[in-house]
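Residues: numbered from 1 along the sequence shown.
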Amino acid sequence: MAVDDAGGPSAPPAVWRPGIDPVGEDEELDYDPTAYDCLHKFSLEWPCLSFDLLRDELGGPRSTFPHTVFMVAGTQASSARANYLAVLKLADLGQGRHGKRAVKPRGSDDESSDESESDEGSDAMDDSDDDDAREPPPRMHHRLVSQPCGINRVRACQARPGLVAVWGDNGSVRVLDVAAQLAALAGEVEVDGKAGAKGSVNPLQAQPHAAEGFALDWSPLKPGRLASGDCKKHIHVWEPAEGGKWAVSPAYNGHAGSVEDLQWSPSEESVFASCSTDRTIAIFDTRERGRAMLQVPAAECDVNVLSWNRLVTYMLASGADDGGLRVWDLRSFKAGGHVSQFNFHRGAVTSVEWSPYEGSMLATTGADNAALVWDLALERDPEEEAALAPEGNAVPAEALPSQLLFAPGPRPPSASYLCLTFPFTRNAALRGQYQRFSSPFLRAGLLLEDLDAFAADVAVRHLGGLPPGTTVVTASLDKVAFATSRSPAGGGAAAAAAQGGAPQQPLPPGWGAQREQQQHQQRVVATPGGDAALATDEGGDDVSDILQTPLTIGADLRVAGCVAWAGRTSMEVLVEVSTEAPRPSGDGGPPRWVHRAVAHFLMVLRPTGDSTGAPDVPRVAPQTELERLHFDAAEERAAVSRAKRKSGRLMGSEPEGDEVRLVYDLAEAQLRRQLARQEAEAEAARGGDPPLQRRASVTSGAMLAPAHGDGALAPVPMSATVRSLVALMHIQDRNNAGAIFGGHILRLASELAYSTAVLHAGRHCEAVALGNVTFLQPVPVGCVLELRAKVVFTDGPLMRVNVVATKHAQLVERPAQLHASVSNDFSFTLLAVGAHGLRPVEPETLRECVQWLKARRDHAADGFVVPPALLREGVEHMLLASAAPPPADSDAA
């Protein structure tokens with residue numbers, strides 16, 4: 001599809017602000033690969049409350065990939081004897097598709113409409129693909145050292161590699177020498193399959209405390225010196241002694257509550273700092289053991305963690321239970337004397353650490369599951385932000401601290417916003433591609449195919465690029481309404497009912513409350529930072545005419561979308577279709593876009609090939625009232641879908657209300673017609689006339705249909721409307737997962753539904769809506785796809801056509817025969833245009849009766865009002881008429 005990239009977002013996406021929405025218990029935060037230079041995931045058998053890096057001889061800081069990292073971690077197992085200290089070597093940590101080599105989100109150019117719902121990453125990779133292929137896979141080498149208890153904290157001595165202190169939940173601090181395990185890992189090239197067995201290391205020393213604790217730190221200036229603090233407010237200093245032992249001091253008693261953390265000074269070997277649940281930070285000097293040298297209130301709650309800046313040695317940072325981060329200048333250390341305070345975490349700060357290479361940078365983590373990076377040297381510069389905005393950089397929200405450098409987490413809908421314009425008025429080749437027959441109208445099936453590909457592109461933008469070993473597929477599609485009318489301005493459903501028409505909905509069911517629909521229907525997908533104006537009813541009758549006529553190639557068409565909601569592996573993509581409204585002569589303003597349709601695609605991230613699983617999808621954090629409206633409506637649809645799956649019913653609920661009587665009336669009417677026909681045949685036989693023959697024709701259209709005595713058209717059996725299409729699934733229509741592109745199947749189903757409607761109506765029809773599309777199974781390349789369509793309900797000139805796709809494919813275990821299974825289920829609403837009547841359909845079997853009832857329910861819920869312009873005498877001939885000569889092209893095809 002060749003389209004121009006126009007009408008895109010006029011402003012860069014907004015920055016997500018953590019804590020706006022809580023993280024659900026069944027949800028996890030995911031990452032944007034462009035935000036990391038290197039990111040890998042490893043796991044042990046049990047969760048770890050603490051880890052520390054081991055010093056190696058590989059130098060630092062490191063910038064060349066791949067990296068190797070040595071570390072230790074302590075477990076918190078379900079039983080004390082199952083715990084261990086893990087000595088780890090993480091090798092071949094390559095950059096992969098992160099940072100500048102990340103999978104680039106597809107732009108809003110021609111590629112956005114490729115006939116693959118999951119090609120998004122393949123064409124967007126840069127020249128680093130070959131480098132990725134040469135990168136060896138990351139590996140975790142490990143040695144496990146058995147421990148008698150859970151490990152609260154582990155600290156490695158940087159002065160003596162292999163010397164590790166472990167704070168146990170049994171109230172004892174143990175010092176271990178794991179140099180042998182470290183040496184074995186350093187020389188190991190391939191992962192040792194026998195390394196999973198736990199070994200044992202006798203502790204160099206074990207020191208019981210009055211209670212368990214968490215505070216633990218090695219001195220960076222005096223090798224072997226250690227400090228430990230427990231939950232009974234005691235601090236002990238360990239001095240190296242002869243024979244590889246330590247002399248443990250009596251308790252330092254400066255705090256009134258549990259000692260939560262402590263750190264040695266990076267510049268004075270006898271000084272250390274500690275923080276406590278007594279809400280204070282204290283400074284101790286080992287030369288004055290009896291008391292704290294300095295002690296100040298640091299928060300209005302427990303102070304959990306602290307970190308001493310090793311580059312700017314008078315700077316101290318602390319984190320508290322209220323989510324506050326405070327930075328202290330020890331040159332003016334006093335109550336309320338912190339130089340900076342950031343209350344950005346929405347939970348307790350659980351760790352804080354200064355960068356070893358940048359004196360102004362530090363990182364924090366919190367109970368809100370957020371890991372943040374700060375740079376205290378940053379100040380907001382509006383001029384620089386404005387200069388960077390055209391490059392796609394996000395504009396920080398005013399509520400964001402200027403020192404916040406990095407905040408991973410959920411993404412706003414604006415981050416996935418994508419917009420495409422089909423320039424039909426300027427591109428003859430594009431007009432020819434989308435023209436239906438010789439008319440000026442648009443091929444609806446081809447547009448649906450493009451919308452499916454577009455939704456996949458939007459989903460990949462939300463993911464920040466397609467993760468390796470995954471693909472995005474379409475799971476379902478909610479209702480899409482095209483040529484529907486709407487009530488007069490301010491009228492709504494009540495006005496339509498007053499005029500004798502059925503209640504109508506300008507947007508599909510489930511979009512939101514009626515009042516909110518009326519309020520927001522002129523801007524369904526809001527562009528980040530604003531966009532070209534959308535036309536409203538105040539613009540005159542020209543707008544109403546556009547809303548009530550089919551989509552044409554005589555006006556430019558715009559498709560815009562964003563991810564409105566996300567679950568663990570699924571995303572709902574909201575897509576809006578608009579057409580450009582005519583402008584008064586001489587009007588040089590921006591284009592006015594008229595809303596024509598909205599669609600909700602449910603896209604799913606799935607593994608491909610030998611991949612065992614797909615990462616969780618990033619959550620969505622709505623920021624505006626409109627985004628919240630879409631988010632809530634999507635959650636409601638997801639809940640309805642879950643309830644439907646849980647019920648196990650394939651055809652809806654049982655008949656209710658007047659439906660039982662309606663079915664009885666149908667059966668009685670059929671019986672009466674059968675008796676009348678038999679009587680007529682008997683009468684003809686008595687008079688010597690030949691028996692009446694049922695008319696057989698490829699069409700059961702209204703123009704050829706016999707009528708009752710009252711002029712009403714006689715119904716036709718539902719089974720008489722069945723039409724089929726059999727197609728081979730070729731490799732050219734596959735996606736990057738190897739299956740057939742869902743949009744291709746959608747187009748085949750749409751065109752079969754159209755043909756079925758035409759054969760039933762006896763004239764050409766117009767697509768009104770598509771709804772309830774379910775993609776049950778992938779369709780493999782090489783299979784035979786059989787599509788069967790049937791008219792299941794009629795109401796005046798409107799008819800509903802169901803299409804069921806069945807794939808016939810060979811099974812590996814049974815290559816001599818084909819296996820048939822339903823892969824897709826579609827529902828279309830079409831309009832028989834013109835003034836002629838439409839012959840109704842009636843069910844003959846119990847299953848057809850259920851299908852008829854379900855279609856009737858859906859039709860009543862949709863409440864579509866027939867556009868009067870399509871019911872005029874002779875309008876059906878417009879669908880075959882030649883299009884008016886197009887204007888001269890203003891750009892190349």
Side-chain angles (χ1 to χ4, degrees), residues 117 444-445 448-449 452 473-480 601-602 641 644-645 647-653 700 716-729 733 739-761 765 767-794 798-809 811 818-830 841-859 862:
E117 69 205 286
L448 290 173
E449 183 176 14
D452 186 58
V473 299
T474 307
S476 64
L477 170 59
D478 201 61
K479 296 178 177 62
V480 185
F601 287 85
L602 186 65
S641 178
K644 181 179 178 181
R645 291 195 303 268
S647 71
R649 291 184 177 272
L650 300 178
M651 304 185 73
S653 60
S700 57
V716 63
M718 191 184 296
S719 58
T721 68
V722 174
R723 299 290 182 264
S724 297
L725 171 68
V726 179
L728 293 174
M729 297 294 100
D733 298 311
I740 296 299
F741 166 47
H744 176 67
I745 303 173
L746 185 59
R747 177 170 61 84
L748 293 178
S750 174
E751 294 179 350
L752 176 60
Y754 183 89
S755 301
T756 302
V758 167
L759 291 175
H760 176 66
C765 300
V768 173
L770 162 68
N772 302 326
V773 177
T774 305
F775 292 83
L776 302 173
Q777 298 179 18
V779 176
V781 172
C783 78
V784 175
L785 190 68
E786 180 183 12
L787 297 100
R788 291 175 61 85
K790 178 167 55 177
V791 180
V792 295
F793 181 79
T794 60
L798 293 170
M799 72 192 93
R800 299 182 81 91
V801 180
N802 284 0
V803 180
V804 177
T806 302
K807 62 178 181 179
H808 301 267
L811 299 179
L818 293 177
H819 174 72
S821 58
V822 175
S823 61
N824 306 86
D825 187 12
F826 308 89
S827 176
F828 297 87
T829 301
L830 296 104
V841 297
E842 63 178 10
E844 293 181 303
T845 66
L846 180 59
R847 181 175 180 181
E848 288 181 346
C849 186
V850 175
Q851 291 175 333
W852 186 89
L853 280 177
K854 184 178 184 302
R856 181 178 180 271
R857 289 177 183 173
D858 294 340
H859 190 72
D862 290 341

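Closest heavy-atom contact between D452 and G742: OD2-C, 3.6 Å. Nearest heavy-atom pair, D858 versus R800, reported as atom, atom and distance to 0.1 Å: CB-NH2, 3.6 Å. Between C849 and P843, the shortest heavy-atom distance links the atoms N-CB, 3.4 Å. Contact detail for L770 and S827: the closest heavy-atom pair is CD1-O, 3.3 Å. For the pair L748 and L725, the tightest heavy-atom approach, listed with the atom from each and the gap, is O-CD2, 4.2 Å. Minimum interatomic distance between K790 and V722 (heavy atoms only, all atoms of both residues): CD-CG2, 3.7 Å.
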Problem - Derivation of the side chain to side chain contact (heavy atoms under 4.5 Å, CB included) call for N824 and V773 - result: CA-CA 7 Å; N824 306 86; V773 177; over 6 Å; no
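The line from NE2 of H760 to CG of L830 is 11.5 Å long, rounded to the nearest 0.5 Å. To the nearest 0.5 Å, atom CD of residue Q851 and atom CG of residue N802 are 6.5 Å apart. In this structure, the separation between CG on L785 and CG on D733 is 11.0 Å, given to the nearest 0.5 Å. For the atom pair M799 CE and F828 CZ, the distance stands at 13.5 Å (nearest 0.5 Å). Annotation: the span from L728 atom CG to I740 atom CD1 amounts to 10.0 Å, rounded to 0.5 Å.
A side-chain donor-acceptor contact under 3.5 Å links Y754 to the backbone of C765. Judged by distance alone, the side chain of S755 and the main-chain N or O of E751 form a donor-acceptor pair under 3.5 Å. In this structure, S823 contributes its side chain and V779 its backbone to no donor-acceptor pair below 3.5 Å.
The side-chain contact (heavy atoms from CB on, under 4.5 Å) check on T806 picks up V804, H808, A820, V822, with sequence neighbours excluded. For the side-chain hydrogen bond (donor to acceptor under 3.5 Å, both in side chains) test, residues two or more places apart in sequence or in another chain that qualify with Q777 are K807, S821. Residues satisfying the salt bridge (charged side-chain N to carboxylate O under 4.0 Å, His left out) test with D825, not counting sequence neighbours, are none. In terms of the side-chain contact (heavy atoms from CB on, under 4.5 Å) criterion, residue partners of S719 (sequence neighbours excluded) are, by chain and number, P717, E844, E848. Applying the ring pair (Phe, Tyr, Trp, His ring centres under 6.0 Å) rule to F826 yields no partners; only residues at least two apart in sequence or on another chain are considered. T794 is linked by a side-chain hydrogen bond (donor to acceptor under 3.5 Å, both in side chains) to nothing, counting only residues two or more places apart in sequence or in another chain.
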